[in-house]
Amino acid sequence: MNPPSSSLPDQVVITPVQAFSDNYIWCLHDDKAVVVVDPGDATPVLAFCKQHNLTLSGILITHHHHDHTGGISQLVSSFPDIPVIGPSGGHIKGITQAVKQGDTITLSPFQCHFDVIEVPGHTLDHLAFYGHGVLFCGDTLFSGGCGRLFEGSPEQMRHSLNALQRLPEQTLVYCAHEYTQANMTFALAVEPNNNALQQHADKVSTLRKHQQITLPSSLAVEKSINPFLRSHLQTVAESAKEYAGHTLTDEDAIFATIRRWKDEF
Ligand code: ZN
Ligand code: FE
């Protein structure tokens, strides 16, 4: 169990702001200040700030893709001098505080601390932020799935997902996209007899029927339903072998096969 001190301060909540067709910009806020994660679009963030009379106090960036970074410049012109915390390398315009594996960042308006975890795979610069029982994982871990491998290798992604899996089971998982329903369809193709998955898929389809959000998830739930966290299991290995049409020698090969299967699904 997480010690109570690790939960978010009482007055701090996390609210999703929707952007584009299926992005979530997570807003960590109290009644005065807000820190946003991956603002791909400034417009809905500025509307959120105005509606709740909040001052934007910081931006966290998980990776360089435009749907996660496109709003930075406009937000910074509306709220100058705020920290923009994200990957190093200088390739993301507007980053003021480049961070790396093992760094801890402090979000000063709330006295919150987040650890930086490097999670290459979807992109090579991808970071996750973990603190107070909360994980912002961008496009690395989705509910029921994982990010497409645009830059990294299957081995890198599996290693990154393993690092996230070592966090406490009750960790709440705040992914950057509403992909859960499509992921459930694929997960059921991999593990048709997984009871927990069948039940979760039903729950998700009811939520989506009413246009409701399926997030946050938790690591405990993901370990029971997400095929990309289950490549060590016999059921997943058997399905992957069948898809590949030949024997798969190790877990990396199993993981790579289900990632390719999802791409082709
Ligand atoms: Zn991305
Ligand atoms: Fe994305």
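Below, each value reflects all heavy atoms present in this structure, side chains not excepted, and no hydrogens, waters or symmetry copies. Both ligands and their constituent atoms are indexed starting at 1 by order of listing.
In this pair, H65 and H68 present their aromatic rings tilted. The plane angle is within the 30 to 60° band. Relative orientation of the W261 and F186 rings is perpendicular, given thresholds of 30° and 60° on the angle between their planes.
Closest N/O/S atom of H122 to the Zn ion (ligand 1): NE2. Of all N, O or S atoms in H63, the one lying closest to the Zn ion (ligand 1) is NE2. When you scan the N, O or S atoms of D67 for the one nearest the Fe ion (ligand 2), you land on OD2.
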Go through it in stages, so that I can follow the logic: the residues are L215 and W26, the test is side chain to side chain contact (heavy atoms under 4.5 Å, CB included), and I'd like the CA-CA distance, side-chain angles, deciding distance and then a yes or no.
CA-CA 11 Å; L215 302 172; W26 294 107; 4.0 Å; yes
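A ring-centre distance under 6.0 Å is not found for F110 and H29.
At a cut-off of 2.8 Å, D139 coordinates the Fe ion (ligand 2) through an N, O or S atom. Using a cut-off of 2.8 Å, one finds that H63 contributes no N/O/S atom close to the Fe ion (ligand 2). Using a cut-off of 2.8 Å, one finds that H177 contributes an N/O/S atom close to the Fe ion (ligand 2). Note on D67: not counted as a metal contact of the Zn ion (ligand 1), no N/O/S atom lying under 2.8 Å.
Rounding to 10°, one obtains 170° for the angle at the Zn ion (ligand 1) between ND1 (H65) and OD2 (D139).
Screening H126, R148, H122 against M157 for a side-chain contact (heavy atoms from CB on, under 4.5 Å) leaves a single residue, H122.
Proximity of R230 to V190: side-chain heavy atoms (C-beta onward) are nowhere separated by under 4.5 Å.
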